Amino acid sequence: MLEGTITNGIHRLPLRVYYEDTDFSGLVYHANYLKFCERARSDFMRVVGVDQNAMFDGGDRTYIVIRKMDCEFLKPARFDDVLAVETAIKPQKGVRLEMTQRVLRGDDVLFSAEVMAVIVGSNGRPRRPTAAMMAALARFPS
């Protein structure tokens with residue numbers, strides 16, 4: 001499945017490392033782990049039924065923005081490696097959406113992150129997620 005799958009509350013998105021993902025050493029450039037995680041968060045939302053396009057396009061525009069990430073770069077990935085990005089949502093409270101993410105090659109954890117996102121309105125101020133979003137996310141707590 002293009003958007004990944006959810007098993008036991010964990011979203012898993014497979015991906016391959018392309019030449020463009022690497023630096024001069026042939027290893028994945030550190031910032032690209034953040035891109036891999038962004039793709040996985042977007043696909044996680046899509047799989048659980050949160051329509052981000054509707055959030056952006058509606059009369060009451062809202063956005064999911066990253067407030068904080070605590071990252072650990074543990075092992076390098078290389079060109080042509082097949083990786084998986086795992087995303088697990090934590091129980092939600094207030095305006096925060098907290099999750100953990102890991103990038104794996106097989107059973108080896110290469111990168112991990114604790115992520116805090118918030119929902120903001122078009123005015124840039126935090127706001128609570130909609131009831132529909134909370135219901136969608138509540139089905140997948142880690």
Side-chain angles (χ1 to χ4, degrees), residues 1-58 61-142:
M1 177 175 262
L2 188 59
E3 296 91 5
T5 58
I6 295 178
T7 305
N8 298 323
I10 298 173
H11 177 261
R12 189 173 176 90
L13 179 69
L15 57 89
R16 180 175 301 278
V17 175
Y18 293 101
Y19 184 74
E20 69 184 16
D21 298 320
T22 63
D23 61 16
F24 67 92
S25 69
L27 304 176
V28 170
Y29 182 65
H30 73 281
N32 287 331
Y33 290 98
L34 302 178
K35 291 179 180 184
F36 298 160
C37 287
E38 175 64 32
R39 291 177 201 157
R41 285 191 305 273
S42 293
D43 282 343
F44 170 79
M45 291 296 184
R46 184 176 293 111
V47 170
V48 301
V50 175
D51 184 351
Q52 292 185 78
N53 282 320
M55 292 172 62
F56 306 149
D57 296 336
R61 293 180 180 185
T62 55
Y63 309 92
I64 300 171
V65 297
I66 300 302
R67 183 171 182 278
K68 179 180 175 182
M69 285 184 81
D70 183 13
C71 304
E72 285 193 88
F73 299 87
L74 303 167
K75 296 180 182 179
R78 293 176 172 78
F79 170 70
D80 212 32
D81 280 352
V82 175
L83 308 177
V85 183
E86 292 183 343
T87 303
I89 196 90
K90 294 182 176 182
Q92 301 308 299
K93 49 191 166 208
V95 298
R96 292 185 284 184
L97 302 173
E98 295 183 9
M99 58 199 82
T100 59
Q101 292 191 281
R102 301 187 316 162
V103 177
L104 298 100
R105 180 181 49 230
D107 292 331
D108 286 336
V109 179
L110 309 180
F111 173 88
S112 67
E114 295 290 326
V115 182
M116 180 194 306
V118 294
I119 307 295
V120 297
S122 57
N123 62 1
R125 300 183 82 140
R127 59 183 309 163
R128 292 190 179 277
T130 64
M133 179 186 287
M134 290 300 287
L137 295 174
R139 297 185 329 218
F140 301 101
S142 61

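Keep in mind it's a predicted model, so treat the numbers as computed, not measured.
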Using atom types as modelled, flag every donor-acceptor pair under 3.5 Å from a side chain in residues 35-50 to any protein atom, sequence neighbours excluded.
unit_1: Glu38; atom_1: OE1; unit_2: Arg41; atom_2: NH2; d: 2.6
unit_1: Glu38; atom_1: OE2; unit_2: Ser42; atom_2: OG; d: 3.4
unit_1: Arg41; atom_1: NH1; unit_2: Gln101; atom_2: OE1; d: 2.7
unit_1: Ser42; atom_1: OG; unit_2: Glu38; atom_2: O; d: 3.3
unit_1: Asp43; atom_1: OD1; unit_2: Arg46; atom_2: NH1; d: 2.2

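- Residue pairs meeting the salt bridge (charged side-chain N to carboxylate O under 4.0 Å, His left out) criterion with at least one member in residues 4-19, sequence neighbours excluded, are Arg12-Glu86, Arg16-Asp80.
- Of all heavy-atom pairs between Ile89 and Leu137, the closest is CG2-O, 4.0 Å.
- Within the model, atoms CE of Met116 and CE of Met69 stand 12.0 Å from one another, a figure rounded to the nearest 0.5 Å.
- Val95 has its side chain out of reach of Ile119: every pair of non-hydrogen atoms, C-beta onward, lies at least 4.5 Å apart.
- Residue Arg102 is tested with Val85, Val109, Thr87, Ile10 for a side-chain contact (heavy atoms from CB on, under 4.5 Å); the sole match is Val109.
- The ring pair (Phe, Tyr, Trp, His ring centres under 6.0 Å) contacts involving residues 76-99 comprise nothing, where partners must be two or more places apart or lie in separate chains.
- How far CG of Leu83 is from CG of Asp21: 9.0 Å, rounded to the nearest 0.5 Å.
- Considering every non-hydrogen atom in both Thr62 and Arg127, the closest pair reads CG2-CD, 3.3 Å.
- With sequence neighbours left out, Asp81 forms a side chain to side chain donor-acceptor pair (under 3.5 Å) with Arg105.
- Across every non-hydrogen atom of Ala77 and Leu110, the tightest pair is CB-CD1, 3.7 Å.
- Screening residues 103-138 for ring pair (Phe, Tyr, Trp, His ring centres under 6.0 Å) gives Tyr33-Phe111, Phe73-Phe111 as the qualifying pairs, with residues at least two apart or on separate chains.
- When all heavy atoms are compared, the tightest approach of Pro14 to Gly4 is CD-CA, 4.4 Å.
- Shortest non-hydrogen contact noted between Val28 and Arg78 is CG2-N, 4.4 Å.
- Every pair passing side chain to side chain donor-acceptor pair (under 3.5 Å) that includes a residue from residues 112-126 is listed here, sequence neighbours excluded: Lys90-Glu114.
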